[in-house]
Amino acid sequence: MPDQKLDPALTQNAMIGAAKRRVDGPLKVTGGARYAADHQPEGMVHAYGVYSSIAHGRITAIDAQAALAMPGVIDVIHHGNAAKLYRVPPGSGSDPAVSAMIDEHRPPFEDDRVYYAGQFVAVVVAQTFEQARAAAYAVKVDYAAEAAVADLAQALAKGEPKAAKGDHKRGDPAGAYDKAAKRVDATYTTPVETHNPMEMHATVAQWRGDHLHVYESTQGVVNHRNVLARMFGLAPDQVDVEAPFIGSGFGSKLWLWPHSAAACLAARHVGKPVQLVVPRMQMFTTTGHRPETKQHLRLATDDQGRLLSLRHESINSTSFVDEYVESCGGVSKSLYACDNVLVTHHTAQVHRGTPTSMRAPGAAPGLFALECAMDEMAEAVGIDPLAFRRLNHAETDGSQDLPWSSNHLLDAYDQAAERFGWDRRTPAPGSMREGEERIGWGVAACNWEAFRMATEARASLRDDGRVEIRAGVQDIGTGTYTVVAQTVAALTGLPLARIDVKLGDSSFPPGPVSGGSWATASVLPAVAEAVRAATEQLKAVATARGGPFEGSKPDELRLEDGQLTDGKRRVPFEQILREQKVAAAEAKSRSEPDTPKDKAFRSFGVHFVEVRWDPGISRLRVTRVVSAIDAGRVINAVTARNQVEGAIVMALGMAMFEATEYDARSALPVNNNYAEYVVPVHADQPDIDVILLDYPDYALNELGARGIGEIGTTGLAAAVANAVYHATGKRIRDLPITLEKLMDELPRAAA
Ligand code: MOS
């Protein structure tokens with residue numbers, strides 16, 4: 001029995017799941033979509049940051065004389081002359097109307113202390129961007145530098161890491177390990193990865209009296225508003241934040257970073273609207289990153305390969321101003337059936353900005369370690385790595401002792417393995433060859449949580465024949481505009497062209513940040529409820545005195561193809577409204593995350609990867625990826641597939657290219673630009689085949705959708721590493737898998 005009341009207009013409608021192009025696509029490809037920095041209010045001036053050139057110490061003097069004398073410069077703001085900002089307290093709860101979350105709690109210009117390179121030490125305001133930038137380089141900042149902790153290894157050499165939240169223990173993992181027949185004990189590391197969305201972080205701030213209006217590239221307009229209100233000591237209704245379009249964020253735009261507060265502060269300071277764009281170089285310092293991790297995995301099985309013990313103990317780097325925990329062991333608690341499990345997390349402080357969520361936080365580095373260790377364990381037992389995973393499939397969530405709401409991982413294994421041709425794999429490393437190339441085939445599971453957040457939405461059936469939706473969530477490039485429009489189309493029978501979806505404005509009914517892959521699962525139920533409630537109002541209008549269905553009961557009527565009908569007569573809804581002189585039938589609704597407590601919600605999947613290694617010329621390429629994803633019902637076959645494909649490409653970066661490097665002496669980032677921070681390009685793209693399983697999960701919501709933005713990022717790096725092992729005989733336990741790690745010895749199998 002499904003847990004939610006189901007509406008056949010949604011469950012039995014071809015519009016849900018249809019392969020519709022993005023409704024905002026034409027705006028995006030014609031330049032009609034305006035991003036944060038495209039907004040230039042009357043009288044706007046430009047701010048440019050002065051960023052710390054040391055990673056740790058104090059500012060002893062700031063000399064702005066030369067900068068102030070430069071053309072167009074209006075002022076230079078720093079800790080000596082900036083108005084004080086308030087800190088945002090923790091524990092604001094999950095109600096989107098008041099929730100105020102932030103990762104870096106220290107506001108800019110709070111004092112003379114420097115905790116990381118790239119920290120805002122001043123901001124220059126000038127008439128033009130070029131003038132502000134030139135003057136920023138002329139601000140003279142003297143520092144008293146202190147020794148900096150440059151990386152996790154240095155931090156661990158200085159002392160023990162600190163225990164962090166997210167522990168889990170069941171059974172006797174150490175005892176079971178010691179008694180087990182087969183064991184694996186391995187340590188894996190992942191480097192800092194920096195989010196590199198195409199669109200820069202940017203803020204356009206304008207004060208009108210004591211009202212603050214902001215255009216921001218943010219994944220959460222309502223949260224951003226609430227945080228700004230807290231920082232400036234205002235009521236939430238004194239602040240508006242708009243983000244109609246976002247050029248991706250990947251987590252870096254979930255929470256407010258210092259530039260946004262600095263821009264608002266500067267705008268009030270100079271009494272003019274101010275635009276501040278964070279340069280790419282400083283997107284490597286002051287807008288978050290995925291922290292470094294070091295993960296110790298210990299697995300043990302019986303002779304048959306059944307998991308007896310699983311320990312996943314991780315440490316991640318955090319800043320000196322905040323504790324950010326990368327929950328690497330989160331998935332290890334429940335992905336496999338095992339009675340004896342230990343998961344721990346620790347942090348260690350380095351002189352970098354505060355880390356933040358990056359697409360599939362915790363799970364992306366965590367499943368690299370777990371799924372590599374599973375491959376090593378399968379080899380130790382002598383079973384095929386896919387067969388080993390099937391053998392240890394978790395029929396229930398062992399960490400909570402709950403049944404899954406819906407789990408089709410075994411089907412994902414079947415379908416993707418068949419599509420990939422896994423049964424043609426020969427197990428010995430280096431045993432599959434073509435010409436000069438060694439072919440490696442690897443497999444890894446992928447996994448992500450399934451959340452739902454409280455969300456409000458307003459629906460208006462208008463007398464011009466259009467339906468308008470307003471919701472304070474945002475489309476971060478994933479297709480939220482489109483799936484909302486599809487939901488409205490399914491319920492009203494209107495074509496997408498007659499549906500106006502308005503998102504990305506904090507003055508709309510409050511919704512959550514677009515993160516955690518929960519936007520679709522959260523906003524669509526709210527939209528559906530609002531449309532149904534607005535339809536009820538339409539029926540009330542139609543059945544009232546003088547209405548076309550006067551005397552009928554509202555529940556004898558239904559909305560079909562945009563027309564209200566009692567089965568005999570059909571009247572377009574806009575005609576009813578016009579004749580009754582009503583502008584719109586409209587309603588607001590709130591959907592609560594009232595999911596059953598007796599079920600565990602996650603999404604599941606698997607990646608199969610082929611790599612080709614040419615040892616003669618040291619060329620490594622990922623040539624083929626087949627993935628099967630079980631993320632509930634697919635709302636849009638184009639945008640859902642696009643999310644998984646994009647996640648796979650992003651994870652190829654994690655597997656083979658991405659690492660933010662820091663100078664071991666100064667703790668300054670070294671490759672803080674698009675030239676030297678290497679990401680996959682078109683030439684690196686493999687043939688990608690995504691299978692969307694499309695099993696509705698009606699326990700989570702009436703759409704049956706669980707969310708699909710992050711899961712594809714998980715497991716892929718492990719599948720690549722496992723394929724590299726199969727091709728070369730070399731286990732690479734430290735990401736990224738760069739060529740030099742494969743070149744230092746020739747693979748055994750090649751001899
Ligand atoms: Mo995602 S890392 O929750 O934007």
Side-chain angles (χ1 to χ4, degrees), residues 94 96 99 101-104 166 190 192-199 201 216-224 227 243 245-257 260 283 287-291 293 316 318 322 324-328 330-331 353-368 446-453 455 473-480 503-504 511-523 593 601-603 631 639-640 642-644 646-651 653-654 658 705-717:
S94 60
S99 175
M101 296 262 295
I102 191 165
D103 270 348
E104 184 169 319
T190 64
V192 166
E193 281 183 89
T194 300
H195 319 69
N196 270 287
M198 289 300 289
E199 184 204 10
H201 283 263
E216 179 80 34
S217 187
T218 175
Q219 294 174 237
V221 286
V222 177
N223 183 76
H224 203 93
V227 167
F245 295 97
I246 300 106
S248 291
F250 308 120
S252 74
K253 294 171 180 171
L254 285 168
W255 320 120
L256 178 144
W257 296 102
S260 186
M283 283 175 53
T287 54
H289 58 270
R290 198 199 294 278
T293 75
N316 70 263
T318 189
D322 294 285
Y324 174 83
V325 184
E326 184 79 14
S327 307
C328 294
V331 182
T354 300
T356 198
S357 295
M358 182 172 178
R359 202 170 191 175
L367 275 180
F368 165 65
C446 55
N447 198 274
W448 185 244
E449 315 184 40
F451 297 104
R452 185 172 160 193
M453 310 296 268
T455 308
V473 295
Q474 40 288 311
D475 187 331
I476 59 175
T478 47
T480 309
L503 310 174
V513 300
S514 293
S517 301
W518 60 55
T520 295
S522 304
V523 71
F601 294 89
R602 297 195 77 86
S603 285
T639 57
N642 173 251
Q643 282 303 299
V644 180
I648 289 168
V649 172
M650 192 164 174
M654 178 185 194
E658 293 187 49
R706 280 201 298 257
I708 204 164
E710 288 168 288
I711 185 168
T713 314
T714 72
L716 197 274

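The chain is numbered in sequence order, starting from 1. For ligands, and for the atoms within them, numbers begin at 1 and follow the listed sequence.
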**Student:** Test of understanding: with side-chain contact (heavy atoms from CB on, under 4.5 Å), list the residues that count as partners of M283, not counting sequence neighbours.
**Tutor:** P197, M200, H201, V278, R280, T287
**Student:** Does the pair K253/E199 count as a salt bridge with the N-to-O cut at 4.0 Å?
**Tutor:** yes
**Student:** Is there a side-chain contact between V331 and R602, using heavy atoms and a 4.5 Å cut-off?
**Tutor:** yes
**Student:** Can you tell if the side chain of V523 reaches within under 4.5 Å of the side chain of W518, non-hydrogen atoms only?
**Tutor:** no
**Student:** Output the set of protein residues with a heavy-atom contact under 4.0 Å to ligand 1, ordered first by chain identifier and then by residue number.
**Tutor:** Q219, F250, G251, L254, S357, M358, R359, P361, G515, G516, E710
**Student:** Is there a side-chain contact between T713 and W448, using heavy atoms and a 4.5 Å cut-off?
**Tutor:** no
**Student:** Find out whether Y324 and D103 are in side-chain contact, i.e. whether some heavy atom of one side chain is under 4.5 Å from a heavy atom of the other.
**Tutor:** yes
